[in-house]
Trainee: 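Quick one: the structure is below, questions incoming.
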2 protein chains.
Amino acid sequence: MDCKPRRLRYHAPMNEGAKNERVRLSAEDWEDGALALIAEQGVGALAVEALARRLGVTKGSFYWHFRTREALLQAALERWEEYGEREVLAEIERIPDPRKRFPELFRRVAHEVQPHRVYAALLKALDHPQVVPVMGRVSQRRIDFLTRMYAEAGLEPVSALHRARLTYAAYVGFLQLNFTLGLPRISHEEFDAYVEHMIATLTP
Amino acid sequence: MDCKPRRLRYHAPMNEGAKNERVRLSAEDWEDGALALIAEQGVGALAVEALARRLGVTKGSFYWHFRTREALLQAALERWEEYGEREVLAEIERIPDPRKRFPELFRRVAHEVQPHRVYAALLKALDHPQVVPVMGRVSQRRIDFLTRMYAEAGLEPVSALHRARLTYAAYVGFLQLNFTLGLPRISHEEFDAYVEHMIATLTP
DNA sequence: GGATAACCATACGCAGGCGTATTGACGGGC
DNA sequence: GCCCGTCAATACGCCTGCGTATGGTTATCC
């Protein structure tokens, strides 16, 4: 209406400093945009016309790249699943002393914020049939990882599995309680203390 | 269309065995129906025409009882908040030995299923602005309760608060992971073992 | 420097869901 | 026995959001 799409340059030359001025989009651009929108406003807010406005085009563009809105969600979710985690877990595994891994892992996850935004949003969208399998796979992988860590730290197999589930449940629950519910706006020091408490009671 | 509303009797006499044949509805009936629908299909599925079909009437009835769909949701949520918990927590508090309370509490909550359905559904609907305050209040109350229990069991105030948060987070996360995500369909014995593990690592 | 492919705008159709208006049927109090 | 309050059916308008059709614009390839 009032915000006529300002197109600035097409396919900016490589040597030019990329001041993200292009307006000609690829499928990946749409997927990234979708993930950003999901992180900010939840899966329910992922509408093609809204996303198009956000990207400065109209949906005429969208339907060139994707057959349907569902296809976009699918692609975005797969993209997220692909590029998630990996690094952190790999680095943790590289620590020799198994019992030293948990403090490091907990502190690590506790202090990165951005990646959790999407995860929290997806947690709130577990009604949606498309996100369930993705979250299922991701959770399973992470629990498997934790189980292995606990086993290597000396817990017998069954205990290791239970402890892993407990740990991961605590993680998920924490996200729910603090990200989406804003439970009493915990302070920074208090949060650190909480993490340390968690480390103390959860490492074998 | 094909399911013409079968009306059976109006205001069945008191002495008659209540075989829920009435079709004349009250606001409470709508609220209960809403909660049932939420438990089964989530908050997003709460649509007035759908609910009306479910109750065997049309929405013409609905708008006599409620001004808007939003009002129904609000009423249903308040009703749920009102009639929730209470009993369990009170009974737990009656156990003299503080450290014996946790096993009882955990086993207790672990084995009731139905009340968790609504809670799990609400957890998935934390996008919705109307459910956030309700969940906030409920969670806060429960965490307060846990904090008191832990304090009475000998933890110093700060530790008690942290332990309470951890416990409640584990609870919430467990609901997410198992109810809505159907993580690998845990068996009955395994579940009991998990609960016992939780008791062991979480009671001071 | 045209032709072709990639990308986008505009206009439209269509379905679902909310809310309103109007009318109808039943029932209890006077 | 009538009347009014309560509950319900039907029909309608509206808005949102998806998907389609069609044609226009830009980039690339020869």
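The sequence lines fix the lettering, A, B, ..., with proteins before strands; numbering per chain opens at 1. Worth knowing before you read on, the calculation uses all heavy atoms, side chains too, and leaves out hydrogens, waters and symmetry mates.
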Trainee: Nearest-Å distance, OH (B:Y63) to C1' (D:dG13)?
Mentor: 13 Å
Trainee: Go through it in stages, so that I can follow the logic: the residues are A:D32 and A:R79, the test is salt bridge (Lys or Arg N to Asp or Glu O under 4.0 Å), and I'd like the CA-CA distance, side-chain angles, deciding distance and then a yes or no.
Mentor: CA-CA 9 Å; A:D32 288 342; A:R79 187 180 183 76; 2.7 Å; yes
Trainee: So, do A:F106 and A:Y171 have ring centers that fall under 6.0 Å from each other?
Mentor: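 Not close enough - the centres of the two rings lie 6.0 Å or further apart.
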Trainee: Could I get the full list of ring pair (Phe, Tyr, Trp, His ring centres under 6.0 Å) partners for A:F62, not counting sequence neighbours?
Mentor: A:W30, A:F66
Trainee: With B:R165 as reference, evaluate A:N178, A:L177, A:I186 under the side-chain contact (heavy atoms from CB on, under 4.5 Å) test and give the passing residue.
Mentor: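 Of the listed residues A:N178, A:L177, A:I186, the side-chain contact (heavy atoms from CB on, under 4.5 Å) partner of B:R165 is A:I186.
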Trainee: Send over the distance from B:F62 CZ to C:dG19 P, rounded to a whole Å.
Mentor: 8 Å
Trainee: For B:E49 and D:dT10, what is the distance between atoms CD and C1' respectively, to the nearest whole Å?
Mentor: 12 Å
Trainee: Side chains of A:R117 and A:E40: closer than 4.5 Å at any heavy-atom pair?
Mentor: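 Not in contact.
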Trainee: Got a sec? Which of residues 67-74 of chain A come in under 4.0 Å of DNA chain D, heavy atoms?
Mentor: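 Of all residues in residues 67-74 of chain A, the ones placing a heavy atom under 4.0 Å from DNA chain D are A:T68, A:R69.
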Trainee: Please list residues of residues 30-48 of chain B whose heavy atoms come under 4.0 Å from any atom in DNA chain D, ordered by number; otherwise none.
Mentor: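 The answer is none.
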Trainee: Could you check which of D:dA8, C:dG19, C:dG17 has an atom nearest any side-chain atom of B:K59?
Mentor: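 Of all the options, the side chain of B:K59 is nearest to C:dG19.
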Trainee: Got a list of side-chain donor-acceptor pairs under 3.5 Å for residues 128-135 of chain B, not counting sequence neighbours?
Mentor:
{"residue": "B:H128", "atom": "NE2", "partner": "B:Q130", "partner atom": "OE1", "Å": "3.2"}
{"residue": "B:Q130", "atom": "NE2", "partner": "B:E70", "partner atom": "O", "Å": "3.2"}
{"residue": "B:Q130", "atom": "NE2", "partner": "B:Q74", "partner atom": "OE1", "Å": "2.8"}

Trainee: Rounded to whole angstrom units, what separation is found between the CG atom of B:L25 and the P atom of C:dC26?
Mentor: 16 Å
Trainee: With sequence neighbours excluded, tell me which residues meet ring pair (Phe, Tyr, Trp, His ring centres under 6.0 Å) with B:F174.
Mentor: B:F191, B:Y194
Trainee: Find every protein N or O atom lying less than 3.5 Å from an N or O atom of nucleotides 3-6 of chain C, and list the pairs.
Mentor:
{"residue": "C:dA6", "atom": "N3", "partner": "A:R24", "partner atom": "NH2", "Å": "3.0"}

Trainee: Between C:dC18 atom P and B:L51 atom CG, what is the distance in whole Å?
Mentor: 10 Å
